[in-house]
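FYI, side chains are in, hydrogens and waters are out, and symmetry mates aren't considered; it's all heavy atoms of this structure. Sequence lines set the chain letters: A, B, ... in the order given, protein chains first and strands last, and positions in each chain run from 1.
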Amino acid sequence: MTTTLLAGALLLAQMLLGIAMGCAVFRMLRGPRAQDRVVGLDTLYVNGMLMLLIFGIRTGSTLYFEAALVIALLGFVGTAALAKFLMRGEVIE
Amino acid sequence: MMPLENVPAWAAVPAAILVLAGASLALIGSVGLLRLRSFYERVHAPTLGTSMGMACVLLASMIVFSALQVRPVLHELLIAVFMLVTTPVTLMLLARASLYRDRAEGNDEVPQVAASQKEAEVVEERAESGMR
Amino acid sequence: MRRLLPYPLLWVALLLLWVLLNESLSPGTILLGIVLAFVGCWCLALLKPARARVRRPAVALRLLGMVLADIYRSSIAVALIILSPKRKDRRSGFLSIPLELRDPYGLAVLACILTAAPGTAWVEFDSAKGTLLLHILDLVDEATWVDTVKNRYERPLMEIFQ
């Protein structure tokens, strides 16, 4: 009983996160200005990271966890570089 | 789904609730990204998913893995600390970049540079050109 | 001693990070973690960052608890704002606050707190005059927000870092 409850909750959570990723992609493609697109990208990778964590809970393997950590690291560096680019027009000064 | 069957009931129920809460918060944050009107309002929306939403999902993951492996798994704390430190940095950088761009284009809805700061910059520029 | 181990807290944090990443307490992991922690500390010593003095751990712990409670409360508030169908009667805007906190580490922590809590976003800090520019999603009463930032966050941070 509780197993089906947990499995159902995980499935529902993944669907919710999928919709959330869709919203972020929409803002990324639509966003009137460049900074809106970058915020969309930022939200997209955070949602993707949460999705991977839930995959990890479902399968019980820690491999997904490592992938989530890598996404968090690279997403941070990418967003910071893009913000820097918007501010100055170049990444490396 | 073999491993899920081994999760005891005391862990499954709170984990299910936490996972659903986290995913809904992330979804609300992303919907906010669509619904709010200006860029500065939209900057607030992702923090919903990155602070509370992430905390809920990570707690659920910790509960499930502790129940499965008997010993507590603190692995997830790493992601939590990392996200807590980095999200403010990225959002702050983005807000500053956007403010800079809006000021450069002379948009009215953002506060302009204060007068004394402008003077200071001019003085600085003069000093720099004098050095050259 | 200072030359060999310039930052004891960072050393412990790096070792803990390595052990957590590997999820094992075998001698090999711990040995490699110790070596990496030493290398990390020496690298930071080469960069010569300004020394931070953290005092009053009790105040810091209370601040942490307060911030977690605030994040919880403002998450719900912002979620309600996003989901509410009415759009007109909410006002958001910029708010500039004069700060007395000058320590760079204290300012960094304040920036993290304000941005991590949904509903407030740190936009700009003018270090010459010490004024902070915030963007607030639900700007009902400016005086309350100024009071919140100054009394709730800035005062304990000044106690901790100055």
| What part of C:Ser96 is in contact with chain B, defined as an atom under 4.5 angstrom from a non-hydrogen atom: side chain, backbone, both or neither? | neither

| said: Are more than 12 heavy atoms, taken from residues, nucleotides or ligands other than C:Arg62, located less than 6.0 Å from that residue's CZ atom? | reply: no

| Gap separating the CG atom of B:Leu84 from the CD1 atom of C:Ile71, nearest 0.5 angstrom | 6.0 Å

| Non-hydrogen atoms of C:Val123 and B:Leu99 that approach each other most closely | CG1-CD2, 3.6 Å

| query | Just how far is it from atom NE2 of C:His135 to atom OG of B:Ser98, taken to the nearest 0.5 Å? | reply | 10.0 Å

| query | What option among C:Ile113, C:Leu21, C:Leu68, C:Val78 has the most heavy-atom pairs under 4.5 Å with chain B? | reply | C:Leu21

| message | Nearest 0.5 Å, please: how far is CG in C:Asp70 from OG in B:Ser51? | response | 11.5 Å

| Which bit of C:Leu133 comes within less than 4.5 Å of chain B, counting heavy atoms only: side chain, backbone, both or neither? | side chain

| said: For B:Phe82, I'd like to know if atom CZ has over 12 heavy atoms of other residues, nucleotides or ligands within 6.0 Å. | reply: yes

| request: Mark yes when over 12 heavy atoms from residues, nucleotides or ligands other than C:Leu9 sit less than 6.0 Å from its CG; otherwise mark no. | output: no

| Contacting moiety of C:Ala79, where chain B heavy atoms sit under 4.5 Å | both

| Do other residues, nucleotides or ligands put more than 12 heavy atoms under 6.0 Å from the CH2 atom of C:Trp18? | no

| Nearest-0.5 Å distance that lies between atom NE2 in B:His44 and atom OG1 in C:Thr115 | 9.5 Å

| query | So B:Leu48 and C:Ile82, side chain to side chain contact (heavy atoms under 4.5 Å, CB included) or not? Walk me through it. | reply | CA-CA 11 Å; B:Leu48 215 57; C:Ile82 290 174; 4.3 Å; yes

| query | Using non-hydrogen atoms only, which part of B:Leu78 is less than 4.5 Å away from chain C: side chain, backbone, both, or neither? | reply | side chain

| task | Evaluate whether atom CZ of B:Arg42 has more than 12 neighbouring non-hydrogen atoms of other residues, nucleotides or ligands under 6.0 angstrom away. | result | yes

| request: Grab the two heavy atoms, one from B:Met52 and one from C:Ser75, that are nearest each other, plus how far apart they are. | output: CG-OG, 2.9 Å

| message | Looking at every non-hydrogen atom in both residues, tell me the closest pair between B:Met92 and C:Ala111 and how far apart they are. | response | SD-CB, 3.5 Å

| note | When rounded to the nearest 0.5 Å, the distance separating CD1 of B:Ile28 from CD1 of C:Ile76 is 10.0 Å

